[in-house]
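Structure first, commentary second.
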Amino acid sequence: MGRRGSPCAGPAGSLSWAAPRSEWFVEGGAKQDPSPVTNVYDPASIEPRWQAHWEAEQTFRAPNPGERDFDPARPKYYVLDMFPYPSGSGLHVGHAVGYIGTDVVARKKRMEGCNVLHPMGWDAFGLPAEQYAIQTGVQPAEATRINTDNFRRQLKKIGLSYDWAREVNTSEPSYYRWTQWIFKRLYEKGLAYQAEVPVWWCEELKTVLANEEVINGRSERGNYPCVRRPLKQWMLKITAYAERLLEDLDGIDWPESIKIQQREWIGKSEGAEIEFAVEGAGEKLVVFTTRPDTLWGATFMVVAPEHKLLAKVPAAQRAAVDAYVKAAASKSELERTELAKDKTGVFTGLFAHNPAFEAGDPRGRIPIWVADYVLISYGTGAIMSVPGHDERDYEFARKFGLEVREVVKPPQGEKGFAEGACFTGEGTAVNSGPVDGLATPQAKKKAIELLAQRGVGKARTTYKLRDWLFSRQRYWGEPFPLLHLEDGRTIAVDDEALPITLPFMEDFKPSADGSAPLARAKDWVITSHKGQPARRDTDTMPGWAGSCWYWLRFMDPRNDREPWSRAAEQYWGPVDLYVGGAAHAVMHLLYARFWHKVLFDLGLVHTKEPFQKLFNQGLITAFAYQDSGGRLVASDEVEARGQDYVRRGSSEKLEQIVTKMAKSLKNVVNPDDVIAEHGADTLRVYESFMGPLADSKPWNPRDITGSKRFLERVWRLFVDPDAQDPVRPNLRVDQQAPLAGETETIERALNRAIARVDDSFKAFNFNTAIAALMELVNVISKRPEAFTRGQAERFALVLAPFAPHMAEELWRRLGNTRSLAHGPWPKPIAAFLVDDVVEIVVQVGGKMRGKVGVPKDAPQDAVEAAAREAAGSWLEGKSVAKVVYVPGRLINLITK
RNA sequence: GGGGGAGUGGCGAAACCGGCAGACGCAGCGGACUUAAAAUCCGCAGCCCGCAAGGGCGUGGGGGUUCGAGUCCCCCCUUCCCCA
């Protein structure tokens, strides 16, 4: 069977109507018994049959350039879902909404004649998978296999049009071989390095955690307490790409909100680096400031509790400083930087010299304090404090009685020093010697020049973005392709030696001493390099690693010579549409962009950015129920009674709340159950109909009925359940042009519906597409015998992205032998989109007072005359002062 | 604390550039068919006053611009998500 027709090809040839019934049902899975032939809508028989057919025919296989069936004349379209971590609890209907959305897009693009790449895979490495394995006692590899089998089964039942031949799994050696290979490239470019950094240590999990895995000083997973401690870690130098990650946001079609979040995260600030000599310590204290113009107002300095200068604290202050540092170590960054919090700090006994002043000038001798609102990880871990013009410095100075000096005069009308306020904006420099009288931007420039001349400062740009902590002391991740030699050198293994496979370990739990579990796999760790004894690196990569390049592997997933071929990447890249939750707005998308840019620099990809268009689907929430004691009651134990909700079989009233779907809230809805009860097409239509894809909206089991009823009504327009024929008699032959009467009424409704379906793809508000199709059904239902074959075929085609199983079934029953998966997609006919008579709203003084129907190109005075008549008594005794006429819409008569 | 959304009937929502607020559906009510029920079909349905014709009010609240505001501007309230 021809898998694909030309995009403009008409419907394929029809079967003879005398053909035996078996011929208008698909033969699908060869081993499957033909389903009982019935004219009643039965998704349970239709859907598996078509799914088997698509699989047998490889309907959704997307050939690469050079492969069998590849058609270079067609445009390409790459539509990608954020691939899931295959959790043990399986897929719920909230995950499905995004997958259904992309599938609707993929199916329409295919019907429009595109080569569509629409793959799916598994983000299977990482902490959650490992913890799940520990909890259940099943080996991670085994648990992953079971879970992915379950996810795949669930996804297939929804009728998603993935090219399953491209499935990838980040935890398989054939995949992570290339993750290691890419890491090697980063390592060779000097973008991977080891450093002793203060990192979160979780005693309970026996591991270091990334900042993003620690919330308020507790682990995201398990909620265990964490402390900061320095450890040697692998880092990736993402900061080297900060500027490009920022700049290139301008060229991609992403939601502005996500771009803003990324810009915030990168946090570019321009200013200066300034050196302060520390009195008697023979040391220099380097600070970064965005306001070098305020240097003359710096009356003290503050260092972070981790700052190395604290080693020089004089004996008199030693005990106080040590105690303070110890207390700060257990605080989270949140606690430390919270503006509302009382500032704490201790004088170190040290003084610095402010380079704005001559040596010996008493104004230049300023005290150095230690305070935890300064973070070691940001900037240089030390600041110059300008309490006159910085809120936090101001609070600190007031609390500890430090000098506040005004060096910026606010512009007219704003409160400043004179009013007892702390002015942080731009103004005019005062009390600042050489920069006096300059506006802030000029003063900044001049100050930097002066500092540079004297060799104590220079212009500098910093970023909030920090290098990426890339190692974990855990088992379930990609091993680093690195060897530590006896002579102390660290080298990468040869590319030919990849993958460095994860050794099987019976017990893979973290060691109690915090060392990586792989360190216990002695046979694996101890190896050799060119005759020299060597030890493998025992850290593993973080959960994010595998997802940093998976969209590239999908382009050429079975290539065992290279991660992907140049030809495949040239053809498919970049991803045209990437859909996933906004939860990944920063981390995943920033890391992925970073890797992609490194690969771009290496000439391995041809675009600077991986994802041209990004779209965030909304959260599906669900009802949850609480009893009077606030205890959760599982949704399936609840029944509606009038306006109330009660525990099944009792009269105990429950409160209904709307929240996210979670096992712990006992409100998870499994698509398997919905499909078993209503069918996959109903699930797809309901999820499309709930609201715009971007919105968060509650799952309401009661509402599904509407979508089911819609599909049943569609079915009955095509098929008479009481007859034996595949379709109703009026659908066997097309009516000859010109169309007239009721058939023309249907034709207008059909074209309007097609136009509205097309429109819904702009903002992914498929709810309006379904509404348009429902209105069409309402129109046809009033005159079913006027519905013609040609109209029925176009109806089936526009229905196909949303309810593909039913659409295929109806298409086949209409006599087409070829799947409609490759189109053609119908185009609305302009002539049927405009009406000859338009209804004009008549307003008097802006209030709606009537309506008139007029020919669509009626002149204004004719419309106005009709309007005056329609307005009737509303105009009595009044004269019309002004007329506002909006053709095709309304006419407003404004009276005196 | 910072950032990003969202507030429209009993519920999910629609309304393109400022132009009939509530399309489409759920739940509800009435009717037809049925011995009955389910299913299906037809009809009603924002709120208030009114027997009705009709009128008034209405898109979280308050102001503003405009012939006209759910939509634009200013202030405020509530709520969800993300980050620290």
Quiz item: Taking atom types as they are modelled, is there a donor-acceptor pair under 3.5 Å from the base of B/C67 to the side chain of A/K882?
Solution: no

Exercise. Using heavy atoms and a sub-4.0 Å distance, could you list which residues of residues 255-263 of chain A are near RNA chain B? By number, please.
Key: A/S257, A/I260, A/Q261

Quiz item: Distance between the C1' atoms of B/G64 and B/C11, in whole angstroms?
Solution: 34 Å

Self-check item: Runs of at least three consecutive pairs that involve RNA chain B, where pairs are Watson-Crick or G-U with distances under 3.5 Å
Solution: B:1-7 with B:77-83, B:10-12 with B:24-26, B:28-32 with B:40-44, B:46-49 with B:54-57, B:60-64 with B:72-76

Self-check item: A/F718 ring center near A/F787 ring center (under 6.0 Å)
Solution: yes

Self-check item: Atom C1', compared across B/G63 and B/C82: separation rounded to whole Å
Solution: 33 Å

Quiz item: When rounded to the nearest Å, what value does the distance between P atoms of B/C47 and B/G9 take?
Solution: 11 Å

Quiz item: Does A/K660 place a side-chain N or O at less than 4.0 Å from the phosphate oxygens OP1/OP2 of B/C82?
Solution: no

Self-check item: Residues touching RNA chain B, which here means a heavy atom under 4.0 Å, drawn from residues 770-779 of chain A
Solution: A/A771, A/M774, A/E775, A/N778

Practice problem: Could you tell me whether A/R593 sits above the aromatic face of A/W254, with NZ or CZ closer than 6.0 angstrom to the six-membered ring centre and within 45 degrees of the axis? | Solution: yes

Quiz prompt | Short side-chain donor-acceptor distance under 3.5 Å, A/D681 and A/Y686 | solution = no

Quiz item: Does B/A14 have OP1 or OP2 sitting under 4.0 Å from an N or O in the side chain of A/N767?
Solution: yes

Quiz item: Looking only at side chains, do A/T239 and A/R466 share a donor and an acceptor under 3.5 Å apart?
Solution: no

Exercise. Tell me, please, whether A/Y578 has A/K613 positioned over its six-membered ring: NZ or CZ under 6.0 Å from the ring centre and within 45 degrees of its axis?
Key: no

Quiz item: Any side-chain donor paired with an acceptor under 3.5 Å for A/T768 and A/S760?
Solution: no

Quiz item: What orientation do A/Y41 and A/W715 show, parallel under 30°, tilted 30 to 60°, or perpendicular over 60°?
Solution: tilted

Quiz item: Does a nitrogen or oxygen in the side chain of A/R709 sit under 4.0 Å from OP1 or OP2 of B/A27?
Solution: yes

Self-check item: B/G9 glycosidic torsion: syn (within 90° of 0) vs anti
Solution: syn

Self-check item: Syn or anti for B/C17 (syn when the glycosidic angle lies within 90° of 0)
Solution: syn

